[in-house]
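We use all heavy atoms of the structure for the numbers below, so side chains are in, but hydrogens, waters and symmetry mates are not. Chain letters run A, B, ... following the sequence lines, proteins first, then strands; residues in each count from 1.
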Amino acid sequence: MNRLENADVAAIFQEMADLTELQDGNPFRIRSFRRVAQALATLPEHVATMLAAGTLAKVPGVGEGTLTRVREILETGDCSDHAALRAALPAGLLEMMRIEGMGPKTTKLVYTQLGVKSVDELEAAAQQGHLAKLPRMGEKSQAKLLKAIEAFRRHSGRIRLGDALPQGLAIADAMRAVPGILHVELAGSCRRRQETIGDLDVLCAAEESGPAMDAFCALPQVGDVIARGETQCSVHLASGLQVDLRVIAPKCFGAALHYFTGSKMHNIAIRDRAKRRGLKISEYGVFKEGRDGEERGGPGEFTSPGGAAVKAAPEEFLCGATEEEIFASVGIGYIPPELRENLGEIEAAEEGRLPSLIEERHLRGDLHMHTQWTDGTASAREMAEQAIELGYEYLAITDHSRSLTVAGGLDEVRLAAQGEELRALEAELGGSLRILRGIEVDILAEGDLDLRPEALAGLDWVVASVHSHFNLPEEKMTARVIRALESGVVDCLGHPSGRLLGQRDAYALNLDKVIRAARDLGVAMELNAFPDRLDLDAPHCRQAKELGVAIAIGTDSHATWHLKKREYGIATARRGWLEPSDVLNAGPLETILERRRERMARLCPELLTTSPRTAAAPPAAPAPARPEPAKPAKPAKPAKPAKPATPAKPATPSTPARSSKPARSGSKRKPA
DNA sequence: GCCGTTTTCGGCCCGACTGTTTTCAGTCG
């Protein structure tokens with residue numbers, strides 16, 4: 001069995017929370033399980049490592065009970081409490097609870113009264129009219145539930161940030177054009193730039209809610225209206241995505257924005273902090289609590305711009321117009337949305353050690369992209385032109401290597417020919433953009449690289465990635481990846497976990513070990529910014545930062561417009577607490593090249609002089625006896641099939657060199 | 001179950017909306 005990952009252990013706690021809720025357990029115990037689940041899923045290191053080191057016990061929300069359960073889970077794969085909870089109720093109830101409107105009480109009710117224990121049985125019961133006869137249920141509830149089951153089947157699960165954000169921004173733009181609306185912001189997980197999104201939250205500031213609600217429901221994207229009250233309403237877009245709108249008075253906008261941005265855990269922590277200071281925070285603002293715990297201030301003043309009763313005395317309201325005021329009321333500075341997960345950001349804000357998060361403008365280059373030489377749709381020239389438009393100083397062209405035959409990966413001959421083209425292009429651009437001759441080289445099953453180290457040594461930037469043999473056991477996969485990094489010619493591990501959001505899980509890889517190896521070897525970890533990947537994920541970015549491992553943000557672009565996907569990489573980097581100094585391509589090109597020189601001098605000095613760009617630098621100190629890598633000595637690598645030495649002027653098929661739009665088909669040659 | 005300006009017990013964030021009720025439970029965020 002592969003080692004349990006943090007997410008696996010977290011899932012057990014999440015399920016214990018759900019099952020405890022179904023059994024009407026202590027709500028605080030339930031919350032505690034959920035808090036632990038979240039903490040485990042976002043640990044900076046593997047849970048077993050932290051348990052052994054005693055650092056797990058220091059994680060907020062983790063107490064003695066959790067430590068005992070985690071220990072049991074790591075040893076046996078499960079814990080007795082979880083098993084007991086599962087034994088008490090059918091597993092199908094958990095899935096039923098994921099249907100909109102089916103909370104623990106209703107789920108339990110249909111199970112005990114009707115014996116319903118799966119989504120299918122629930123649907124049948126509703127169709128036969130049994131549900132409407134239950135206490136607190138009726139015809140309307142039943143009809144609503146049938147629709148919810150349909151939506152559940154059609155659109156189960158979360159969608160990628162890259163799919164949700166553009167839809168959210170379009171709605172926000174449309175709402176900004178509505179007369180009377182003063183501010184519009186996306187809130188929720190989308191504003192926190194979580195990698196997947198359950199629904200969209202849109203917040204509007206207006207003196208009157210009616211016109212905003214009308215305009216929202218009339219948007220062309222809107223399919224059907226799920227619910228509509230005086231100040232908030234929920235709709236399904238035609239795309240299936242749910243959007244919640246909330247209209248709020250301008251003087252409360254900051255409080256509402258903070259509240260609806262979440263996360264839930266962050267909000268609870270902030271409100272708890274407020275309570276200890278004799279304050280009450282709600283989406284309507286910060287209020288001074290009455291003496292003896294008696295609340296005198298209330299939200300009623302703002303609930304209904306249409307004219308509901310005014311319950312709150314004006315002097316009770318302290319502030320609420322901006323988020324800064326909310327944070328200031330509990331004695332801390334502004335916390336960027338991407339950090340609001342109650343993962344130490346409040347403590348960091350209090351101690352004045354919040355990171356200065358990286359922004360798009362800090363990026364000085366892009367380190368991962370493909371061209372028509374393999375499976376990209378644009379020429380290197382077109383990529384370069386787009387890069388210049390984005391304000392970059394440099395970029396790396398990193399087409400696939402030969403093993404990736406489906407992409408027409410480059411062999412050594414074509415790689416050399418491409419190098420010629422890139423050199424010429426760089427010269428032609430006259431210093432406005434530096435072009436790194438790079439490659440995304442496959443890591444083969446045993447950890448060899450897909451091209452000879454001698455050929456890779458002559459490049460400026462090498463990304464090494466796994467594209468095959470995804471199902472190796474963890475130990476083999478880990479050894480495979482580390483072996484590739486030990487070659488000395490690899491600058492960066494591409495999309496380290498291999499996951500595709502919503503499509504494919506990460507392969508079994510001990511990322512802990514890999515990140516530590518990268519630190520020892522001077523290799524960067526990629527943060528692949530393509531929205532399907534976002535790999536490394538944010539928790540591992542944070543771990544890499546703490547260990548001093550450089551992150552290289554690459555878009556993995558296959559078209560010019562993909563270069564703008566950097567925004568998703570930046571979003572993930574920010575969620576990982578990264579600052580410009582943590583990101584390789586937020587720094588100068590010279591640093592990137594120097595790191596390569598330094599590492600090659602240390603790990604493979606015999607290859608160093610073969611790199612034209614590195615040879616241009618001051619000659620490396622005469623290579624003494626080759627130092628051993630920090631990790632166990634590499635086994636001798638099997639000799640590659642004989643390859644001709646890279647010809648100076650290879651007789652390659654017509655390269656797309658100067659043509660700005662070479663024929664697509666010409667670039668899809670198979671390797672020899 | 002966790003935690004401490006409440007520290008080994010007692011408290012734990014706050015409000016809107018719906019549907020079913022005649023005052024509120026359940027769900028959601």
Side-chain angles (χ1 to χ4, degrees), chain A residues 13 16-17 20-21 24-37 39 57-70 81 97-109 131-145 148 187-189 198-203 209 225-234 242-248 252 255-256 258-287 289 293 295 297-304 308 311 330-331 342:
Chain A
F13 278 88
M16 281 200 282
T20 308
E21 198 170 22
D24 209 14
N26 180 343
F28 300 108
R29 190 170 193 234
I30 295 162
R31 181 193 296 173
S32 181
F33 281 144
R34 291 203 200 289
R35 189 176 180 200
V36 169
K58 297 195 174 71
V59 173
V62 173
E64 268 310 311
T66 299
L67 292 176
T68 307
R69 289 186 181 88
V70 166
D81 289 333
M97 264 212 300
R98 289 171 48 213
I99 296 169
E100 171 98 35
M102 289 294 291
K105 297 287 195 300
T106 314
T107 303
K108 183 80 179 291
L109 183 73
L131 289 181
K133 300 189 188 97
L134 292 174
R136 292 211 149 268
M137 300 284 282
E139 291 296 336
K140 276 182 103 165
S141 311
Q142 185 169 267
K144 210 171 168 181
L145 191 57
S189 51
D199 60 20
L200 291 173
D201 298 285
V202 182
L203 208 59
S209 63
V225 178
I226 306 166
R228 177 172 173 165
E230 284 219 54
T231 62
Q232 70 185 46
C233 116
S234 297
Q242 181 174 328
V243 188
D244 299 333
L245 173 78
R246 185 73 185 243
V247 186
I248 207 93
C252 319
H258 175 260
Y259 173 68
F260 286 106
T261 295
S263 67
K264 193 183 176 84
M265 290 300 191
H266 170 90
N267 285 353
I268 289 173
I270 289 285
R271 289 179 178 200
D272 182 47
R273 197 177 159 88
K275 204 177 172 76
R276 291 203 307 268
R277 293 167 172 247
L279 302 174
K280 189 186 73 172
I281 295 182
S282 76
E283 60 261 53
Y284 297 105
V286 181
F287 298 84
E289 264 189 326
E295 285 180 21
E301 185 182 4
F302 311 108
T303 47
S304 174
K311 287 190 285 185
V330 292
N342 196 27

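The separation of B/dC13 from B/dT20, taken at their C1' atoms, amounts to 27 Å, rounded to a whole angstrom. Look at the P atom in both B/dT23 and B/dC28: the space between them is 26 Å, to the nearest Å. If you take atom P in B/dC14 and the same atom in B/dT6, they sit 15 Å apart, rounded to whole Å. Of the P atoms belonging to B/dA25 and B/dT21, the separation is 14 Å, rounded to the nearest Å. Taking atom C1' in both B/dG11 and B/dT5, one finds a spacing of 15 Å when rounded to whole Å. With both ends at atom P, the span from B/dC3 to B/dT8 equals 16 Å, rounded to whole Å. Going from the C1' atom of B/dC12 to that of B/dA16 covers 22 Å, rounded to whole Å. Nucleotides B/dT18 and B/dG10 are separated by 34 Å at their C1' atoms, to the nearest Å.
Rounding to whole angstrom units, CG of residue A/Leu145 and P of B/dC28 are separated by 11 Å. Between the CZ atom of A/Arg271 and the C1' atom of B/dG15 there is a distance of 8 Å, rounded to whole Å. Rounded to whole Å, the distance from CZ on A/Phe28 to C1' on B/dC2 is 12 Å. Between the C1' atom of B/dC14 and the CD1 atom of A/Ile281 lies a distance of 11 Å, rounded to the nearest Å. Going from atom CZ of A/Arg246 over to atom C1' of B/dG15 covers 7 Å, rounded to whole Å. When rounded to the nearest whole Å, the span between CD of A/Glu21 and P of B/dG26 equals 12 Å. In this structure, CZ of A/Arg29 is placed 9 Å from P of B/dC2, rounded to the nearest angstrom. As rounded to whole Å, 14 Å separates atom C1' of B/dT20 from atom CD of A/Gln142.
Map A/Asp272 and A/Cys233 each onto its nearest nucleotide of DNA chain B; the residue landing nearer the 5' end is A/Asp272. Residue-to-nucleotide proximity on DNA chain B shows that, of A/Arg276 and A/Leu134, the 5′-proximal contact is made by A/Arg276.
Put simply, the side chain of A/Arg271 gets close to the backbone of A/Ile281: a donor and an acceptor are under 3.5 Å apart. Remark: side-chain polar atoms of A/Ser32 are not paired, donor with acceptor, to backbone N or O of A/Phe28 under 3.5 angstrom. Judged by distance alone, with hydrogens and angles left aside, the side-chain atoms of A/Gln232 form no donor-acceptor pair with the main-chain N or O of A/Leu245 at under 3.5 Å. In this structure, the side chain of A/Thr107 engages the main chain of A/Gly103 through a donor-acceptor pair within 3.5 Å. Using a distance-only test at 3.5 Å, with no hydrogens or angles considered, a donor-acceptor pair links the side chain of A/Ser209 to the main chain of A/Glu230.
The residue A/Thr66 sits close only to the backbone: its heavy atoms come under 4.0 Å of sugar-phosphate atoms, none of a base. Note on A/Ile30: nothing from the nucleic acid sits closer than 4.0 angstrom, heavy atoms only. A/Glu139 comes within 4.0 angstrom of sugar-phosphate atoms only, judged by non-hydrogen atoms across all strands, and of no base. Heavy atoms of A/Val36 sit nowhere under 4.0 angstrom from any nucleic acid atom. Within 4.0 Å (heavy atoms only), A/Pro135 reaches no atom of the nucleic acid at all. Counting non-hydrogen atoms under 4.0 angstrom, A/Arg69 reaches the backbone sugars and phosphates but no base. Residue contacts shown for A/Arg277 are absent, as no nucleic acid heavy atom lies under 4.0 Å away. A/Lys264 comes within contact range of at least one nucleobase, with a heavy-atom separation under 4.0 Å. Nucleic acid contact class of A/Arg136 (heavy atoms, under 4.0 Å, all strands): base. Using a 4.0 Å heavy-atom distance criterion, A/Pro104 is classed as a sugar-phosphate-only contact. If you check every strand for non-hydrogen atoms under 4.0 Å, A/Ile226 touches nothing.
Pairing partner, B/dT8: none, since no Watson-Crick or wobble contact has both distances short of 3.5 Å.
Remark: A/Lys275 is not in phosphate contact with B/dT5, judged by side-chain N or O atoms under 4.0 Å from OP1 or OP2. Phosphate proximity of B/dC14 to A/Tyr284: absent, as no side-chain N or O sits under 4.0 Å from OP1 or OP2. Between A/Thr231 and B/dC17 there is a side-chain N or O to OP1 or OP2 distance below 4.0 Å. Applying the 4.0 Å criterion to OP1 and OP2 of B/dC13, one finds that A/Arg31 has a side-chain N or O inside that range.
Here the options are A/Thr231, A/Val202, A/Asp201, the test is side-chain contact (heavy atoms from CB on, under 4.5 Å), and the partner is A/Arg246; only A/Thr231 passes.
Checking B/dG1, B/dC13, B/dC17 against every side-chain atom of A/Ile268, the shortest atom distance belongs to B/dC13. Among the nucleotides B/dG15, B/dG1, B/dC13, the one closest to the side chain of A/Asn26 is B/dG1. Side-chain proximity of A/Lys144 to B/dT18, B/dC13, B/dA16: nearest is B/dT18. Of all nucleotides listed (B/dC17, B/dG1, B/dG15), B/dG15 comes nearest to the side chain of A/Lys280.
Taking 4.0 Å as the cut-off between side-chain N and carboxylate O, A/Arg31 and A/Glu21 do not count as a salt-bridged pair.
Looking at heavy atoms from C-beta onward, A/Thr66 lies out of side-chain contact with A/Val59 at the 4.5 angstrom threshold.
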